[in-house]
Structure formats: C-alpha cells, structure tokens
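Shown next, in structure tokens, is the structure this report addresses.
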Amino acid sequence: MTRPAVFFGHGSPMNALGGPFADAWAQVGRDLGKPRGVVMVSAHWETQGLGVTAMGRPQTIHDFGGFPPELHAMQYPAPGSPDLARRVSDLTGATMTDQWGLDHGTWSVLTHVWPDADVPVVQLSLDRRLDARGHYDLAKRLNALRDEDVVIAGSGDFVHNLRTWKRAGGEAYPWAVAFNEAVKSALSRGHDDALIDWVHLAEEAQLSVPTDEHYLPLLYVAAQRRPGDDVSFFNDLIEGGSISMTGVRIG
C-alpha cells in the first residue's frame, strides 16, 4: 500500500512525557496503523557524509541535559530493520552504521505515535555536505519506499529560535507566525522551490531559522509529494513565542 509522509514539529524533549501535542501524535498513529517500517530524518543527527542506522535493536539516545530523571530514564525499544536500512542505502548511497540509534527527535514523538514500540525504525542522517537543494534531491530517491509500506518521516520545527523562546509561554512573535504561515502556504500550493529557498520565503526568515537543522527534515517530507496528494496540518501552533509545533501529513 502507498503510505503518506509525515513531518512532526517535535519541540522540547519534555513532550515525550505527554502534554498538549501528544493526542494529535497518537491520532497520527491510529490513522497510519502499522506500516512495515519508518525512515526518520531527525534534526538531531548531523553527519559529514550520509548515514543510516542498521542495527536490529537501536539504543534510545538521551541527547539532552538538565531534564527530569523520568525523561532521562525513558526508553523506546522499537526494533531497527537491517533490511530496510539496506534498501535506504541502495537508494541513497548512505553508509550503514551502528554508531547512532534513536535520538529524541525520533523517540519523543514516536512514543506517542506507536506507543507499543512495535514498528521498525531506521534513522537517516542530515548530511552537512549538502545544501537545501541537495537534501531535497536526495529525499526524492526515497519516494519508492512509499509503495513498499514504509512511512517517510521528518522531525524538527519550521520555526526554531531558542534565543527568543519564552520559557513562561506567551504569544507568538509576529515574525514567527508570518514564517510559519508562509511555509504552510508553500506546502499547500506545492511550491517546493520556495521551500528549498527558505531564506527568501518570508521577511525575517533567518530569525525563524537561525540554523537550519530543524528546518531541513521538512524537505524530506515535502519531496515525497505526488500529484493528487492531499496536504494537511496538525498541532498547528507556536510554543513559547518562537518554536513551531506544526506537523504536516502528505498523502
């Protein structure tokens, strides 16, 4: 069956423990059912050269500090899939590796999407040698997996400016809202070139995306769109003024 592609705005690792975004993530899981596997591109695995996790039992990586003990103790024991990793490697040239696992960009979300941890997960790294166009073109090579019962997923945030984030919460900054809406509009219209050239997508784009690692996973999902695919959004809000939690489903 043909599977949709999904982008998750993951926000704080604390979302793994629950909160206002968990219900929508759980609904995504109910809607998807149980695919053969998921290929996740997370903002939190950046490499020089392209890698794909290939172990049978990926570790749960706690790639953060200063959070409550219960978060550091969480495990997401989803299986990996050497076969799926090999297929991704064949499509993209990625090096198969056992030197990573599932980072919080992946497991903090998937613990709600598939709480039984029974869907195999492989992560594909962000190759920092590539520009935005290179990431998009690479992502196109994954499209065949949609017809192989595999979900292509990305995890990051459209808007991710921790320097301006309001710990106590509060209204979204106007520039954050403007950029978030510009991204949604480009997605809805299928304007992938505008998404790739994100610096010119809206005024103050670089304030919304001061560094691009949280934005680039979106391109891996946008690249999966086929003619006739619907685009829908979930968890569509901005947290703490400058972190977009907006998720996207394509197909």
Decide if the gap between the ring center of Tyr215 and the ring center of His160 is smaller than 6.0 angstrom. no
Not counting sequence neighbours, list each pair that qualifies as a salt bridge (Lys or Arg N to Asp or Glu O under 4.0 Å) and has a residue in residues 191-200. Arg133-Asp193
Between Asp230 (side chain) and Gly251 (backbone), is there a donor-acceptor pair under 3.5 Å? no
Sorted by chain and number, sequence neighbours left out, side chain to side chain contact (heavy atoms under 4.5 Å, CB included) with Trp165 holds for Arg167, Ser242, Ile243
Salt bridge (Lys or Arg N to Asp or Glu O under 4.0 Å) involving Asp83 - partner list, sequence neighbours excluded: Arg86
Going by the rule side chain to side chain contact (heavy atoms under 4.5 Å, CB included), which residues pair with Thr60 if we only count those two or more places apart in sequence or in a different chain? His62, Gln75, Tyr76, Trp107
Here the salt bridge (Lys or Arg N to Asp or Glu O under 4.0 Å) pairs for residues 39-55, sequence neighbours left out, are Glu46-Arg128
Sorted by first residue and then second, give each salt bridge (Lys or Arg N to Asp or Glu O under 4.0 Å) pair with at least one member in residues 48-75; sequence neighbours left out. none
Would you name the heavy atoms of Tyr136 and Ala222 that are closest together and state the gap between them? CE1-C, 4.3 Å
Quiz question: by atom type and distance under 3.5 Å, do the side chains of Ser108 and Asn15 form a donor-acceptor pair? no
How many angstroms lie between atom CG of Leu84 and atom OG of Ser89, to the nearest 0.5 angstrom? 11.0 Å
So, for Ala176 and Gly241, which heavy atoms are closest and what is the spacing to 0.1 Å? CB-O, 3.6 Å
Where Val88 and Leu142 come nearest, the two heavy atoms and their spacing: CG1-CD2, 4.2 Å
Ser188 (side chain) donor-acceptor with Lys184 (main chain) under 3.5 angstrom: yes
Is Leu219 reachable from Phe179 through a run of hydrophobic residues whose side-chain heavy atoms are each under 4.5 Å from the next? yes
Ignoring hydrogens and angles, tell me if any N or O in the side chain of Arg225 forms a donor-acceptor pair with the backbone of Leu187 under 3.5 Å. yes
Would His135 and Leu126 count as a side-chain contact (heavy atoms from CB on, under 4.5 Å) if you check the C-alpha gap in whole Å, the side-chain angles of each, and the deciding distance to 0.1 Å? CA-CA 8 Å; His135 285 285; Leu126 286 173; 4.0 Å; yes
Residue pairs meeting salt bridge (Lys or Arg N to Asp or Glu O under 4.0 Å), one or both in residues 88-101, sequence neighbours left out, come to none
Are Val199 and Leu195 in one and the same hydrophobic cluster, where Ile, Leu, Val, Met, Phe, Trp and Tyr link if side-chain heavy atoms are under 4.5 Å apart? yes
Are Phe64 and Phe21 linked, directly or through intermediate hydrophobic residues, by side-chain heavy-atom contacts shorter than 4.5 Å (ILVMFWY only)? yes
Is it true that a side-chain atom of Lys166 and a backbone atom of Ala172 form a donor plus acceptor pair closer than 3.5 Å? no
Just checking, any donor-acceptor pair under 3.5 angstrom between side chains of Asp23 and Gln27? no
Just distance, no hydrogens or angles: give the donor-acceptor pairs under 3.5 Å from side chains in residues 202-210, sequence neighbours left out.
none

Same cluster or not: Leu71 versus Leu162, using hydrophobic residues (I, L, V, M, F, W, Y) connected whenever any side-chain heavy atoms lie under 4.5 Å apart? yes
The criterion is salt bridge (Lys or Arg N to Asp or Glu O under 4.0 Å); which residues satisfy it with Arg30, sequence neighbours excluded? none
Give the minimum heavy-atom separation between Ile61 and Gly101, together with the two atoms involved. CD1-N, 3.5 Å
Quick one: are Met245 and Ile238 in side-chain contact, heavy atoms under 4.5 Å? no
Donor-acceptor under 3.5 Å (His200 side chain, Ala194 main chain): no
Counterpart residues, salt bridge (Lys or Arg N to Asp or Glu O under 4.0 Å), relative to Lys34 (two or more places apart): Asp118
With sequence neighbours left out, what residues match Pro77 under side chain to side chain contact (heavy atoms under 4.5 Å, CB included)? Ala117
Any donor and acceptor pair, going by atom type alone, linking the side chain of Ser125 with main-chain N or O of Gly51 inside 3.5 Å? yes
Look at the side-chain heavy atoms of Ile, Leu, Val, Met, Phe, Trp and Tyr, link any pair under 4.5 Å apart, and say whether Val122 and Val113 land in one connected group. no
List the steps, then state whether side-chain contact (heavy atoms from CB on, under 4.5 Å) holds for Arg249 with Asp31. CA-CA 11 Å; Arg249 173 172 168 159; Asp31 292 343; 3.6 Å; yes
Shortest non-hydrogen contact from Pro4 to Val151? O-CG1, 3.8 Å
Phe7-Phe158 aromatic ring centre distance below 6.0 Å: yes
Using side chain to side chain donor-acceptor pair (under 3.5 Å) as the criterion, point out the one residue from His10, Glu213, Gln123 that pairs with His44. His10
Can you name the nearest heavy-atom pair linking Asp157 to Gly11, along with the distance? OD1-N, 3.1 Å
Thr97 and Thr95 side chains, donor-acceptor separation under 3.5 Å: no
Is there a side-chain contact between Thr106 and Val121 in this structure, where contact means two heavy atoms from C-beta onward sitting under 4.5 Å apart? yes
With side chains defined as the heavy atoms from C-beta onward, is the minimum distance between Leu138 and Thr92 less than 4.5 Å? yes
side-chain contact (heavy atoms from CB on, under 4.5 Å) between Val159 and Trp175: does it pass, once the steps are laid out? CA-CA 10 Å; Val159 179; Trp175 50 263; 4.1 Å; yes
Do Val150 and Val38 pass the side-chain contact (heavy atoms from CB on, under 4.5 Å) test, and can you show the C-alpha distance, the side-chain angles, and the key distance before you say yes or no? CA-CA 5 Å; Val150 174; Val38 57; 5.8 Å; no
My understanding is that only residues two or more places apart in sequence, or in another chain, count here; which of them pass side chain to side chain contact (heavy atoms under 4.5 Å, CB included) with Asn143? Arg146, Gln224, Arg226
